[in-house]
Amino acid sequence: GPLVMNEIRRQIKETKTYAERSLNTLKKHPPKDDLDALIRVKDVLRDIDTQAQNTELGSDVSQAALEYFALQGGDSKKMLEQVDNVKKIWADVIKQHPMTTNAIVPTTKTWSSVVEGQIEEYVTDMEAKTKEFKKMPFWSDEVNVNEARDNMKKARTMLKKYQQTLNEKSALCDTFEFPQLMKSPKAEMAEMAQDVDEMDKLWTTMEALDTYIDDCKNELWAEMNMDDLDDGAKGQVKKVKALHKCT
């Protein structure tokens, strides 16, 4: 039916585009002084390793379906030729992969130490940023609730920028095969993100507690129910004790 045929056409087109683009990149050996070009090649090599099984399976599925249609009397000759052509291009990609891998070894060795140094600087910078984060106004009771929330909003904006940089550095470490260097920054990033969320809960809890106390103070003695007051107080204490230890 048309749904199956459209899917086969999509698969053929996407695989052909992916294979041609990958082959083109692998055949362009990066200049020794161009880190970005080296990263592009290494990323393509890594992506091929990841996508190889799915890519080959997709072509095999399309070929099997088209051969079945042909046995049923369908006109599949042209599309089978297209699948065969895509498989040949992909075979060239697989053949080129180890040749490119070996060709970039010297350039990779040259840049690995440079990139590792950059990551080490980033790790130190993240440690400093984490310490500064712990000093932001929303941690202190010297600000009011609204000021704390404004400050936490700024913190979240700041953390988004930190996360973007973290993603870039993490990808770089994956490319040069030392992802272990990102363990500390990732943990610090997760901790800061958790801190903002949990401090937000703390300020909300404190605001509710202050409101509860004010409401109790404004109750008339004649209308006060001690059981309700006791239950309400216990409920407030329970909310405070439920706050995360990081707060």
Side-chain angles (χ1 to χ4, degrees), residues 35-36 38-40 42-43 46-47 50 111 114-220 224-225 228-247:
L35 176 59
D36 291 337
L38 176 63
I39 290 172
R40 283 195 294 273
K42 289 182 72 65
D43 284 346
R46 192 155 48 93
D47 192 59
T50 304
W111 279 106
V114 175
V115 172
E116 189 172 5
Q118 292 175 355
I119 298 300
E120 287 173 353
E121 288 180 8
Y122 167 72
V123 171
T124 303
D125 183 56
M126 273 298 290
E127 289 175 356
K129 282 183 167 65
T130 303
K131 289 179 181 178
E132 288 301 313
F133 172 82
K134 297 287 187 180
K135 298 177 184 177
M136 291 186 75
F138 68 81
W139 289 100
S140 170
D141 61 0
E142 293 177 3
V143 296
N144 60 39
V145 175
N146 290 332
E147 290 171 338
R149 285 185 174 138
D150 286 341
N151 191 236
M152 285 187 286
K153 187 177 180 181
K154 291 179 182 177
R156 285 193 171 94
T157 301
M158 181 180 72
L159 290 180
K160 282 183 180 178
K161 294 179 181 177
Y162 288 179
Q163 185 64 55
Q164 184 177 353
T165 304
L166 178 72
N167 293 342
E168 293 169 357
K169 299 297 183 183
S170 183
L172 195 59
C173 283
D174 288 342
T175 299
F176 282 89
E177 299 178 4
F178 34 71
Q180 70 279 1
L181 295 181
M182 296 303 296
K183 184 177 179 179
S184 176
K186 284 181 177 179
E188 289 163 348
M189 190 69 221
E191 182 182 340
M192 288 189 286
Q194 176 183 265
D195 285 344
V196 175
D197 290 339
E198 297 300 334
M199 283 300 292
D200 193 1
K201 294 176 185 177
L202 181 144
W203 281 98
T204 299
T205 301
M206 193 184 82
E207 185 180 37
L209 178 57
D210 287 344
T211 301
Y212 174 75
I213 292 172
D214 288 340
D215 289 344
C216 290
K217 286 180 178 179
N218 290 327
E219 279 193 51
L220 296 176
M224 189 172 287
N225 184 311
D228 290 345
L229 192 67
D230 187 42
D231 290 341
K234 287 178 179 177
Q236 291 296 325
V237 172
K238 185 177 180 180
K239 289 177 182 177
V240 171
K241 287 185 176 180
L243 292 170
H244 197 279
K245 63 181 181 180
C246 73
T247 63

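This is a predicted model, so every value here is computed, not measured.
Evaluation of the side chain to side chain contact (heavy atoms under 4.5 Å, CB included) rule for Thr247 yields Glu198, Met199, Leu202, Leu243 as partners, not counting sequence neighbours. Scored by the side chain to side chain contact (heavy atoms under 4.5 Å, CB included) test, Asp230 finds Lys234 as partners (sequence neighbours excluded). In terms of the salt bridge (charged side-chain N to carboxylate O under 4.0 Å, His left out) criterion, Asp231 has no residue partners (sequence neighbours excluded). For Asn167, the side chain to side chain donor-acceptor pair (under 3.5 Å) partners two or more places apart in sequence, or in a different chain, are Gln163. Under the ring-ring contact (aromatic ring centres under 6.0 Å, His included) criterion, Phe138 pairs with Phe133, not counting sequence neighbours. Considering only residues two or more places apart in sequence or on other chains, Lys186 meets the side chain to side chain contact (heavy atoms under 4.5 Å, CB included) condition with Leu166, Ser170, Met182. Applying the side chain to side chain donor-acceptor pair (under 3.5 Å) criterion to Asp43, with sequence neighbours excluded, gives Arg46, Thr175. Residues satisfying the side chain to side chain contact (heavy atoms under 4.5 Å, CB included) criterion with Arg40, sequence neighbours excluded, are Asp36, Ala37.
Side-chain contact between Phe176 and Glu116: absent, with no pair of heavy atoms (C-beta onward) separated by less than 4.5 Å. Taking the side chain as every heavy atom from C-beta outward, Val115 and Ile119 approach each other to under 4.5 Å. You'll find the side chain of Trp203 reaches within 4.5 Å of the side chain of Val143, heavy atoms only. In this structure, the side chains of Met158 and Met136 come closer than 4.5 Å at one or more pairs of heavy atoms. Side chains of Lys42 and Leu38 form a contact here, defined as non-hydrogen atoms less than 4.5 Å apart. His244 has its side chain within reach of Gln194: a pair of non-hydrogen atoms, C-beta onward, lies under 4.5 Å apart. Looking at Ile39 and Trp111, their side chains never come closer than 4.5 Å, going by heavy atoms from C-beta outward.
A salt bridge is absent between Asp200 and Lys153; no separation between the charged side-chain nitrogens and carboxylate oxygens falls under 4.0 Å. Between Arg156 and Asp197 there is a salt bridge, since at least one side-chain N of the basic residue sits less than 4.0 Å from a carboxylate O of the acidic one.
Among residues at least two apart or in separate chains, salt bridge (charged side-chain N to carboxylate O under 4.0 Å, His left out) pairs with a member in residues 131-147 are Glu132-Lys135, Lys134-Glu191, Lys134-Asp195. Residue pairs meeting the salt bridge (charged side-chain N to carboxylate O under 4.0 Å, His left out) criterion with at least one partner in residues 238-247, sequence neighbours excluded, do not occur; the list is empty. Listed by first and then second residue, the side-chain hydrogen bond (donor to acceptor under 3.5 Å, both in side chains) pairs involving residues 118-130 are Asp125-Lys129 (not counting sequence neighbours).
Remark: Leu181 CG to Leu172 CG distance equals 10.5 Å, nearest 0.5 Å. Interatomic distance, CE of Met126 versus CD of Glu188, reported as 5.5 Å (0.5 Å rounding).
More than 12 heavy-atom neighbours from other residues, nucleotides or ligands sit within 6.0 angstrom of CD on Glu168.
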Which side-chain N or O atoms in residues 207-216 pair as donor and acceptor under 3.5 Å with protein atoms at least two apart or in another chain?
from	atom 1	to	atom 2	distance (Å)
Glu207	OE1	Arg149	NH1	3.3
Glu207	OE1	Arg149	NH2	2.9
Thr211	OG1	Glu207	O	2.9
Tyr212	OH	Leu229	O	3.0
Tyr212	OH	Ala233	N	3.1

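In terms of heavy-atom proximity, Val196 sits nearest to Ala155 at CG2-CB, 4.1 Å.
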